[in-house]
Each structure stands twice: as C-alpha cells, then as structure tokens.
Amino acid sequence: LFFLIGRNLKDQPRYVQALLPRLRAEGHAIGNHSWSHPQLPPLAPAALAREIGETRELLATTTAGSSVQTNLFRPPYGARNDGVLGEVEHQGLRSVLWNIDSEDWSDPVPESIAHRVVQETERQGRGIILLHDIHARTVQALPLIITELKRRGYAFARVENGRVSADAPPRVSSTV
C-alpha cells in the first residue's frame with residue numbers, strides 16, 4: 001500500500017500511470033496522504049477539505065480505468081482528531097494508521113531499520129509497518145525485512161476491493 005502526497009503526484013502523474021499495471025498485478029493499493037503533508041488537526045475545515053479532497057480527485061483521475069484501489073487515507077504524522085476523521089469519512093475514505101514505525105526517516109543504516117521492524121513485529125505479533133520509499137536506505141532495508149519476517153512465518157496482507165487479504169503462511173513440514 002503506497003500513500004501519495006498530492007503535490008508530488010501532480011508533478012509525476014506519468015510515473016504513477018506507468019506503475020499502475022505493476023501495482024494492480026501485485027495487488028497493491030494507492031492511498032491519499034494529503035496534498036502537502038501538513039499537521040491536519042489545526043487546519044480550518046475548508047483547508048482540511050482541500051488537503052484531502054484535491055489529492056482524492058487527483059488520485060481518481062490518475063488511476064481512472066484501473067482497478068487500483070484509492071479509497072484509503074493516512075494522515076501525515078498520524079495526527080488526526082474528530083474533525084480529520086469526519087472529513088475523511090465525508091470524502092468516502094477510510095483512515096489507516098500503522099503500529100510499527102521503522103523510524104527510517106532518522107536511521108541511516110538499512111540493517112538497523114530492518115532489525116527494529118522485525119523486533120517490533122515479533123513483540124506485537126503482527127503489524128502495519130510505516131516505511132518511507134523516498135529514502136534509499138528504506139529501499140535497501142525492505143528485502144531484509146521481508147526475508148526475515150517470512151523466515152519467521154509471517155504472511156503479508158494486501159488490500160483488495162476494500163478488504164484485507166493475506167498471503168498464505170509458509171507451510172511447515174514435520175518429520176515423524
């Protein structure tokens with residue numbers, strides 16, 4: 001699931017268009033991450049509606065004709081209140097947060113990022129992991145995370161038609 005910032009998407013709609021077939025084939029969804037990534041709770045209602053609505057409209061235009069889901073919203077910094085949640089609902093979106101923060105924005109070492117994510121996933125037993133694809137270190141950490149979590153028996157979920165579905169967990173064979 002990739003959450004996009006509207007003003008960044010506006011500058012690169014062809015890039016996203018080129019990615020749509022792969023996103024669709026791999027079962028990914030695209031979500032709304034606001035227009036300009038502000039703290040949303042202090043915004044006036046009209047400004048809040050624009051932050052969410054302009055990105056929602058741009059995503060709808062960019063993904064028109066594809067089956068890539070775009071009805072999810074992640075508030076910047078995870079900051080939300082009743083006003084934000086009300087506007088998200090009013091615009092027909094569903095709010096999504098994470099429970100595992102990779103802290104990839106502050107950690108320059110891919111192995112450290114991967115270790116943190118795996119340890120926290122083990123501690124909680126499951127999770128929605130926050131990663132930022134704008135950092136090369138995160139791109140380097142992701143295969144380490146995926147490989148180790150799969151090795152430990154975790155399955156990965158995806159959003160399809162508004163529902164979460166998970167890959168089948170790896171089979172464990174036993175010898176008698």
Practice problem: Report the C-alpha separation of Leu48 and Val84 in whole Å, then their side-chain angles, then the decisive distance to 0.1 Å, and conclude whether the side chain to side chain contact (heavy atoms under 4.5 Å, CB included) test is met. | Solution: CA-CA 7 Å; Leu48 176 60; Val84 172; 4.1 Å; yes

Quiz item: What do the steps show when you test Arg80 against Leu97 for side chain to side chain contact (heavy atoms under 4.5 Å, CB included), and what is the final call?
Solution: CA-CA 10 Å; Arg80 59 188 191 170; Leu97 288 181; 3.4 Å; yes

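Note: Leu58 CG to Leu9 CG = 4.0 Å, rounded to the nearest 0.5 Å. For the atom pair Arg56 CZ and Glu51 CD, the distance stands at 13.5 Å (nearest 0.5 Å). The distance from atom CG of Leu40 to atom CG of Asn81, rounded to the nearest 0.5 Å, is 8.5 Å. A distance of 12.0 Å separates CD in Glu54 from CZ in Arg7, rounded to the nearest 0.5 Å. Here Lys10 contributes atom NZ and Asn8 contributes atom CG; the two are 11.5 Å apart, rounded to the nearest 0.5 Å. For the atom pair CG of Asn99 and CZ of Arg123, the computed distance is 9.0 Å after rounding to the nearest 0.5 Å.
Pro76 places none of its side-chain heavy atoms less than 4.5 Å from the side chain of Gln39. At a threshold of 4.5 Å between non-hydrogen side-chain atoms, the residues Leu85 and Pro75 do not count as touching.
Contact between Gly92 and Asn71 at its shortest, heavy atoms only, is O-CB, 4.1 Å. Considering all non-hydrogen atoms of both residues, His33 and Arg74 come closest at ND1-O, 2.7 Å. Of all non-hydrogen atoms in Phe156 and Ile146, the two that sit nearest each other are CZ-CA, 3.9 Å. Among all heavy-atom pairs drawn from Leu1 and Gly31, the shortest one is CD1-N, 4.1 Å. The nearest pair of heavy atoms linking Pro108 to Ser106 is CD-O, 3.7 Å. Closest approach of Ser112 to Asp107, counting heavy atoms only: OG-OD2, 2.5 Å.
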Could you pull out all donor-acceptor pairs under 3.5 Å where a side-chain atom in residues 125-133 meets a protein atom, sequence neighbours excluded?
residue: His132; atom: ND1; partner: Asp104; partner atom: OD1; Å: 2.7

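The neighbour count for Asp82 CG, taken as heavy atoms of other residues, nucleotides or ligands under 6.0 Å away, does not exceed 12. Under a cut-off of 6.0 angstrom, the local environment of NE2 in His115 is sparse, with at most 12 non-hydrogen atoms contributed by other residues, nucleotides or ligands.
Judged by distance alone, the side chain of Glu120 and the main-chain N or O of Asp101 form no donor-acceptor pair under 3.5 Å. Side-chain N or O atoms of Arg116 include one that pairs as donor or acceptor with a backbone N or O of Ser102 at under 3.5 Å. Not one N or O on the side chain of Glu148 forms a donor-acceptor pair closer than 3.5 Å with the backbone of Val118. A side-chain donor-acceptor contact under 3.5 Å links Arg137 to the backbone of Trp105. Not a single donor-acceptor pair under 3.5 Å links the side chain of Glu87 to the backbone N or O of Pro45. Checked by atom type and distance alone, the side chain of Thr70 never pairs as donor or acceptor with a backbone atom of Ile30 at under 3.5 Å.
In the hydrophobic clustering, Tyr77 connects to no other residue, as no ILVMFWY side-chain heavy atoms lie under 4.5 Å from its own. Grouped with Ile5 in a hydrophobic cluster is no other residue, since no side-chain heavy-atom contact under 4.5 Å to another Ile, Leu, Val, Met, Phe, Trp or Tyr is found.
Residue pairs meeting the ring-ring contact (aromatic ring centres under 6.0 Å, His included) criterion with at least one partner in residues 78-101, sequence neighbours excluded, do not occur; the list is empty. Applying the ring-ring contact (aromatic ring centres under 6.0 Å, His included) test to pairs two or more places apart or on separate chains, none has a residue in residues 40-74.
Partners of Pro143 by side chain to side chain contact (heavy atoms under 4.5 Å, CB included), not counting sequence neighbours: none found.
In this structure, Val88 is not a member of the same hydrophobic cluster as Phe3, with clusters built from ILVMFWY side-chain heavy atoms closer than 4.5 Å. Hydrophobic clustering (ILVMFWY, side-chain heavy atoms < 4.5 Å, transitive): Leu4 and Trp35 are in one cluster.
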